[in-house]
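Let me begin by presenting the structure, written as structure tokens, before commenting on it.
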Amino acid sequence: MSSRIFIMSFASVYPLYLAKVERKGRTKAELDAVIEWLTGFDDGELQRHLDAETTFEEFFADARLTPHASLITGVVCGVRVEEIDDPLMQKIRYLDKLVDELAKGKPLEKVLRA
């Protein structure tokens, strides 16, 4: 069973992530740093995915997930991210969790599991 989010473009959700963190006084640079830490993308690769409007499925298929992703734990949308069975959904929820932590004012070093 494929979730609707898998075929949504990452570019359509990115502005929502950005609005969420900016409302809480965080910056686009911090959001991009979080996304790049999780995915292994650099600024250019991230921008190419935004410009190409790749789906979440394509976005994460191209990603080089950080080896520290397993350190991302907690609840997103009522579900513990570490217990999600579908690998793609888990990656999407990892990103949601990092964005939530950034928006809640957690220091960037802590969000990036430094």
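- Once rounded to the nearest 0.5 Å, the distance linking CZ of F59 with CD of E45 reads 10.0 Å.
- R113 and E101 are joined by a salt bridge, as a carboxylate oxygen and a charged side-chain nitrogen come within less than 4.0 angstrom of each other.
- Residues Y94 and L71 are members of separate hydrophobic clusters, defined by side-chain heavy-atom contacts under 4.5 angstrom among Ile, Leu, Val, Met, Phe, Trp and Tyr.
- In this structure, CD1 on I5 lies 9.0 Å from CG on L88, to the nearest 0.5 angstrom.
- Taking both residues in full, the closest heavy atoms of S70 and P67 are given as OG-O, 4.2 Å, listed atom of the first, atom of the second, then distance.
- L112 has its side chain out of reach of T66: every pair of non-hydrogen atoms, C-beta onward, lies at least 4.5 Å apart.
- For the residue pair S3 and M89, the shortest heavy atom distance occurs at OG-CE, 3.5 Å.
- One finds no salt bridge joining D51 and R48 here, because no Lys/Arg side-chain nitrogen approaches an Asp/Glu carboxylate oxygen to under 4.0 Å.
- Across E82 and T73, no two heavy atoms sit closer than the pair OE1-CA, 3.3 Å.
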Report task. Walk me through it: do R64 and T39 pass the test side-chain contact (heavy atoms from CB on, under 4.5 Å)? Result -> CA-CA 5 Å; R64 301 169 302 282; T39 61; over 6 Å; no
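- Separation of atoms CG (L98) and CD1 (I35) is listed at 9.5 Å; rounding is to 0.5 Å.
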Query raised in the report: Yes or no on side-chain contact (heavy atoms from CB on, under 4.5 Å) for L31 and R26, after CA distance, side-chain angles and deciding distance?
Result: CA-CA 8 Å; L31 173 62; R26 303 309 284 263; over 6 Å; no
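- Each of Y14, W37, Y17 was checked for a side chain to side chain donor-acceptor pair (under 3.5 Å) with D32, and the lone residue meeting it is Y14.
- The distance between the ring centers of F60 and F10 does not fall below 6.0 angstrom.
- Side chain of E30 to main chain of L108: no donor-acceptor pair is present (N/O by atom type, distance under 3.5 Å, no hydrogens or angles).
- Interatomic distance, CE of M8 versus OG1 of T55, reported as 11.0 Å (0.5 Å rounding).
- In this structure, CZ in F6 is found 10.0 Å from NZ in K91, a value given to the nearest 0.5 Å.
- Within the 4.5 Å cutoff, the side chain of E36 has heavy atoms near those of the L46 side chain.
- L38 and I72 get closest at one heavy-atom pair: CD1-CD1, 4.0 Å.
- Annotation: the span from I7 atom CD1 to E58 atom CD amounts to 10.5 Å, rounded to 0.5 Å.
- One finds no salt bridge joining K106 and D100 here, because no Lys/Arg side-chain nitrogen approaches an Asp/Glu carboxylate oxygen to under 4.0 Å.
- Atom NZ of K24 is surrounded by 12 or fewer heavy atoms from other residues, nucleotides or ligands within 6.0 Å.
- A donor-acceptor pair under 3.5 Å is formed between the side chain of S9 and the backbone N or O of S12.
- Counting heavy atoms from C-beta on, the side chains of R93 and C77 come closer than 4.5 Å.
- V76 and V79 end up in the same hydrophobic cluster when Ile, Leu, Val, Met, Phe, Trp and Tyr side chains are linked at under 4.5 Å.
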